[in-house]
Structures are given as structure tokens and as C-alpha cells.
Undergrad: 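Questions regarding the structure given below will be posed in turn.
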Amino acid sequence: NADFTGRPKSTSNGDIFGSDKALKYPMKKMWEAEGRNILFIKSWKENKNGIVPNQLGERYAMLFSPIDKKKTTTKEVMSNLFKCTDVKNFGATFAGEGQNISITGAVQFGQGFNKFDDTNIEIQDILSPFADSTKDDAKQSTLGTKITVDEAHYFYGFSINPNNYNEYKEILGSDFDGYTQEDYN
């Protein structure tokens, strides 16, 4: 969970933290491995530019079917979004394919702050097994840098509000039960 410099994320006063996205990622990968519908996870396609990530609408189409901008209703898309375990828990911003849907999730995580007092940032040089691909005459493999912490204990605050979805129960009708005990479990 590094920042763009490769260092652990930290506040301006040096407190190390992990983002809510870093916490949600292993949950989504676990749910995906269990065969559940997960919308907000990177997936790939091959096209004329090589192998590239799917766009949001393409990922949606992988799970359901392509959105027809003239026929597919917002109610249908919203109903399908709630069939995704990650959306049902964490919410979604679905802006594309002629749709603009924002769902605040029933489960909300804050930043996970490191509470271990003796955390040290470690910087290590690492050797790549490959030569520099930008130099035809490279005779040595390249060097890189690995930046980690020796030990950290992250604590994440969270809230679960099953009533977040009451308005959607009215909109989606009997097809949607809201945030259920099964969702919580």
C-alpha cells in the first residue's frame, strides 16, 4: 500500500496508514475466488494495443450483459449492481454506458493507522534477473529499490449501516431485500 514514490503511505506528520482500498482488495479477491460477482476488480482484455484493463462497462458486461443505451433501464443496471458482493457491501460509482449511479455502501471503512510504535521504514536494493530492455548493449541486469516497513499493526475504523439501502428497496421493489443478515455474515 505504497504512495507514488514507493514509500509507505503516511500523513504529513509521518503517521503510516493503509487505505480502505488496500483492506477491501483481499476481500474482493477472496469473494471472486469463491465465485461471487465482483465488479470493481481489475480484469483484462486483448486488443490492438496489446493486453489492457477492461473499462467499467466491459467489466459489467462480463458479469451480466452489455448495456444497450436505448433499452437498458437504470433500474435494471442498479438491480444488477446490487448482485455484486463488493457493491452490496462497499457501494459503487457507476458512471458510464449512459448511466450515472452512485451508491453509498452499507459498510464504510476509514483509513487504517499503524499503531505499532517501533515501525521502521526499510529501503533495500534489489537485483532484477533481466537486462535493461531500453539498451541494446546492456551487459548487466538492472537494479531496483524495495521500500517496506519492518512491522506495522493497522487498525481500521468501520461502520455498518444496513438502513443505507432502504430507499433502494422502494425503488427496486420485491427484487431487492436491502442489506440482509446474510450480507452481514
Side-chain angles (χ1 to χ4, degrees), residues 1-47 49-60 62-63 81 84-96 102-161 164 179 183-185:
N1 194 215
D3 65 16
F4 286 109
T5 68
R7 299 180 68 81
K9 287 186 178 189
S10 61
T11 63
S12 58
N13 67 357
D15 291 335
I16 296 172
F17 70 92
S19 73
D20 61 313
K21 281 79 175 162
L23 179 62
K24 292 173 188 175
Y25 178 78
M27 293 177 191
K28 291 188 225 181
K29 291 304 284 182
M30 177 189 71
W31 290 330
E32 184 181 46
E34 291 174 349
R36 299 185 195 199
N37 284 343
I38 304 300
L39 180 63
F40 291 97
I41 198 84
K42 189 180 279 187
S43 58
W44 301 89
K45 66 181 178 190
E46 188 172 7
N47 67 19
N49 297 320
I51 298 174
V52 297
N54 280 304
Q55 295 175 3
L56 177 57
E58 293 168 329
R59 178 68 184 167
Y60 176 93
M62 288 173 68
L63 299 175
L81 290 176
C84 297
T85 302
D86 59 332
V87 173
K88 188 87 179 267
N89 283 282
F90 309 136
T93 299
F94 191 94
S102 178
I103 299 168
T104 300
V107 179
Q108 294 293 314
F109 288 102
Q111 303 296 333
F113 283 92
N114 174 33
K115 297 299 181 184
F116 187 69
D117 289 333
D118 295 324
T119 298
N120 295 303
I121 295 174
E122 296 182 344
I123 301 172
Q124 303 169 352
D125 291 327
I126 56 174
L127 182 62
S128 166
F130 304 105
D132 184 343
S133 63
T134 63
K135 297 180 181 178
D136 290 334
D137 62 345
K139 294 181 178 157
Q140 298 294 322
S141 56
T142 58
L143 293 174
T145 303
K146 177 182 174 183
I147 305 172
T148 61
V149 296
D150 58 350
E151 185 171 350
H153 299 234
Y154 294 100
F155 289 81
Y156 285 85
F158 68 95
S159 66
I160 301 173
N161 183 359
N164 256 17
Y179 195 76
D183 296 323
Y184 175 81
N185 292 342

Undergrad: Answer yes if the ring centres of Phe113 and Phe17 are under 6.0 angstrom apart, and no otherwise.
TA: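 Centroid distance Phe113-Phe17: below 6.0 Å, so yes.
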Undergrad: May I have the step-by-step check of side-chain contact (heavy atoms from CB on, under 4.5 Å) for Val149 and Asn120, ending in yes or no?
TA: CA-CA 5 Å; Val149 296; Asn120 295 303; over 6 Å; no
Undergrad: How far does NZ of Lys9 sit from OG1 of Thr11, to the nearest 0.5 angstrom?
TA: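 Reported to 0.5 Å precision, the distance equals 13.0 Å.
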Undergrad: Indicate yes or no: at least one non-hydrogen side-chain atom of Phe94 is less than 4.5 angstrom from one of Ile103.
TA: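 Sidechains of Ile103 and Phe94: no contact.
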Undergrad: Between CD of Glu122 and CD of Glu151, what distance do you get to the nearest 0.5 Å?
TA: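 Here the rounded value is 10.5 Å.
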Undergrad: To the closest 0.5 Å, what do you measure between OG (Ser10) and CD1 (Ile121)?
TA: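 It is 6.5 Å, given to the nearest 0.5 Å.
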Undergrad: So which atom in Leu56 and which in Ala95 form the shortest heavy-atom distance, rounded to 0.1 Å?
TA: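 Shortest heavy-atom separation between Leu56 and Ala95 comes out as CD2-N, 4.0 Å.
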Undergrad: Tell me the salt bridge (Lys or Arg N to Asp or Glu O under 4.0 Å) pairs involving residues 51-60, sequence neighbours left out?
TA: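 Output for this query lists Glu32-Arg59, Lys45-Glu58.
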Undergrad: Just how far is it from atom CE of Met62 to atom CD1 of Ile38, taken to the nearest 0.5 Å?
TA: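 Going from the CE atom of Met62 to the CD1 atom of Ile38 covers 12.5 Å.
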Undergrad: Is the backbone N or O of Ser19 less than 3.5 Å from a side-chain atom of Tyr156, with the two atoms forming a donor-acceptor pair by type?
TA: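 Answer holds: yes.
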Undergrad: Are the side chains of Ile126 and Thr145 in touch, meaning some heavy atoms are under 4.5 Å apart?
TA: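 Not touching, per the 4.5 Å side-chain cut-off.
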Undergrad: Mind checking what makes side chain to side chain donor-acceptor pair (under 3.5 Å) contact with Ser102, not counting sequence neighbours?
TA: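 If we apply the side chain to side chain donor-acceptor pair (under 3.5 Å) test to Ser102, skipping adjacent residues, there are no hits.
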Undergrad: Strictly by ring pair (Phe, Tyr, Trp, His ring centres under 6.0 Å), give each pair with a member in residues 116-145 just once, sequence neighbours left out.
TA: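 Every ring pair (Phe, Tyr, Trp, His ring centres under 6.0 Å) pair that includes a residue of residues 116-145, provided the two are not neighbours, is Phe116-His153.
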Undergrad: Could you list the residues that satisfy side chain to side chain donor-acceptor pair (under 3.5 Å) with Thr104, not counting sequence neighbours?
TA: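 Per chain and number, Thr104 pairs via side chain to side chain donor-acceptor pair (under 3.5 Å) with no residue.
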Undergrad: Which pairs pass ring pair (Phe, Tyr, Trp, His ring centres under 6.0 Å) with one or both residues in residues 26-45, sequence neighbours excluded?
TA: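 Non-adjacent pairs meeting ring pair (Phe, Tyr, Trp, His ring centres under 6.0 Å): Trp31-Phe90.
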Undergrad: Distance from Asn49 atom CG to Glu46 atom CD, nearest 0.5 Å?
TA: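 CD of Glu46 is found 11.0 Å from CG of Asn49.
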Undergrad: For the backbone of Asn89 and the side chain of Asp86, can you confirm whether one donor and one acceptor N or O come within less than 3.5 Å of each other?
TA: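 Judged by distance alone, no pair lies under 3.5 Å.
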Undergrad: Using side-chain heavy atoms (C-beta onward) and a distance below 4.5 Å, is Asp150 in contact with Thr119?
TA: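 Result yes, sub-4.5 Å side-chain heavy-atom pair found.
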Undergrad: When rounded to the nearest 0.5 angstrom, what is the spacing between NZ in Lys42 and CG in Asn54?
TA: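 Interatomic distance, Lys42 NZ to Asn54 CG, rounded to 0.5 Å: 11.0 Å.
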Undergrad: Ignoring hydrogens and angles, tell me if any N or O in the side chain of Ser128 forms a donor-acceptor pair with the backbone of Ser141 under 3.5 Å.
TA: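 The answer is no, because no donor-acceptor pair under 3.5 Å joins these two groups.
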Undergrad: Tell me, with the steps shown, if Val107 and Tyr184 meet side-chain contact (heavy atoms from CB on, under 4.5 Å).
TA: CA-CA 9 Å; Val107 179; Tyr184 175 81; over 6 Å; no
Undergrad: Under the salt bridge (Lys or Arg N to Asp or Glu O under 4.0 Å) rule, what pairs show up with a residue in residues 12-23, not counting sequence neighbours?
TA: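 Every salt bridge (Lys or Arg N to Asp or Glu O under 4.0 Å) pair that includes a residue of residues 12-23, provided the two are not neighbours, is Asp20-Lys24.
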